[in-house]
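A note on names: the letters A, B, ... follow the listed sequences, proteins ahead of strands, and every chain is numbered from 1. In what follows, every heavy atom counts, from backbone to side chain, and hydrogens, waters and symmetry copies are set aside.
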Amino acid sequence: MSQIAERVAPPITESDGDQCVVLRGIGWEGYRGILKLRGERNVPRMVYLDGSLILMSPSFPHEHFKKRLGIFVEEIVVGLEIPCTPSGSTTLRRRAKRGGVEGDETYYLANEAKIRGKKRINLRIDPPPDLAIEVVWTHDAEAAIEVYRRIRVPEVWICGPNELTILQLNASGRYVSAERSLAFPILTAAEIHSWIIREQENTDTDWIKALRRWVLEVLVPRHRELSKENPQS
Amino acid sequence: MSTVAAPPPRTAESDGDQCVVLRDIGWEGYSAVLKLRGDRPVPRMVYLDGSVLLMSPSYPHEHSKERLGRFVTEVVRWLKIPCNPSGSTTFRRRARRGGAEGDMSYYLAHEALIRGKKRIDLRVDPPPDLVIEVVETHPADAAIEVFRRLRVPEVWICGRDELTILILQGGRFVRSDRSAAFPFLTADEIFAWVRRPETGSENQWLDDLYHWVLEVLIPRVRQPEGGA
């Protein structure tokens, strides 16, 4: 026998990736039960699809990119004066579609007026958000994308370390990738991604300042040009 | 618009154990999640003071676990030690605010007390005599605390670099170089078997283990003075 062990576990480095655990064979009632158990907490994030429940605890890089994407969208809508109601990581679910999901960020834009002032979103009568954003850091977002497809979210941004993919729902109810955003046609996927992964010498405060300047000096004039050329949009 | 197929960016799945915590869910919540999981072995769960830890083990985790299980099986078989394996049975006590599932667990000294039982109730039955936890990417602190509260006499923690044997003394775990259940085995020796390189198939490993038990361990147990 050696010394009394205070901390007995051998020191192991915690993984710095997102953590993901799947519960299989869970019915809708089980999903609701676990949602209830989680209560108002925002982790673990949950995706339910056809009886499987994925629980996810995001890592720091995941949350960092999520925050940047959120700030990016919020700067754009303010700069371009686009009506927007952010719905964050609201649980979007429909029993009939056997799916439920919580985006990293979600926004009502074109349909913003339809949910304005509502305390609760019910997808049987309310529209889904116009834009959902998913950060993909160590795990793919395939289940979440399938749920967005089933609940008819018109546009999804998938932001990975190497690229941002814009998915748009086509007439036959499938996602196709697009170079430009549907909600913000003046933005390309490459442009958004370059802002999100931009290295910052100082702090993210400087990143926000630079972004704000870019919106005013580049995006707003571009938006005006586009509006002149194409007065309907 | 470009291609029709939706190509989400593919990233490599993490190859470590995956761990998620549900906080402040209480004993009823823990029971509900156990019930939802049903008879599936994953996710493994640890409940401690209101939080449930859910874990999906990785391949290296399960590989080490299988070797440890086979190691114990060979030792008890050839040394004729009475043993009842309880695998990853959920051991829990509401009064102790804890529940855990070891990677492996065994009834040894208390084997006769649970023989033939269909269900273990820790309010009346003893805890297993030995629990084995593989620690691949996440520490097992919560599980160890549960085993302490459940009064498990011996826990093996098999990490990446060493195997730690913990023995319950006066309600606390202390480290030991040797097993209490198998006093003829040291932690280093067990770990060397778990980490032995895969030269042939796993059958080769089993053959080597079998010969070692017959040629080294059995003589050592028969002549404890010379062997230790």
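If you measure heavy-atom distances from A:V22 to chain B, the contacts under 4.5 Å come from the backbone alone. Neither the backbone nor the side chain of A:R149 comes within less than 4.5 Å of any heavy atom in chain B.
When every heavy atom of B:L36 is checked against every heavy atom of A:G30, the shortest pair comes out as CD2-CA, 3.4 Å. Minimum heavy-atom separation, A:V21 to B:Q18: CG2-O, 3.5 Å.
Counting non-hydrogen atoms of neighbouring residues, nucleotides and ligands closer than 6.0 angstrom, the CZ atom of A:R24 reaches no more than 12 such neighbours. For CZ of B:R119, the number of neighbouring non-hydrogen atoms (other residues, nucleotides, ligands) closer than 6.0 Å is 12 at most.
By the 4.5 Å heavy-atom criterion applied to side chains, A:L23 and B:P43 are counted as neighbours.
When atom types are taken as modelled, the side chain of A:R41 and the backbone of B:R23 share a donor-acceptor pair closer than 3.5 angstrom. The main-chain N or O of B:L22 is never found under 3.5 Å from a side-chain atom of A:R38 such that the two would form a donor-acceptor pair.
Counting heavy-atom pairs closer than 4.5 Å to chain A, the top-ranked of the candidates B:I165, B:V42, B:L54, B:V52 is B:L54.
Atom CD1 in B:I25 sits 8.0 Å away from atom CD1 in A:I34 (nearest 0.5 Å). Here the CG atom belonging to A:L55 is positioned 11.5 Å from the SG atom belonging to B:C19, to the nearest 0.5 angstrom.
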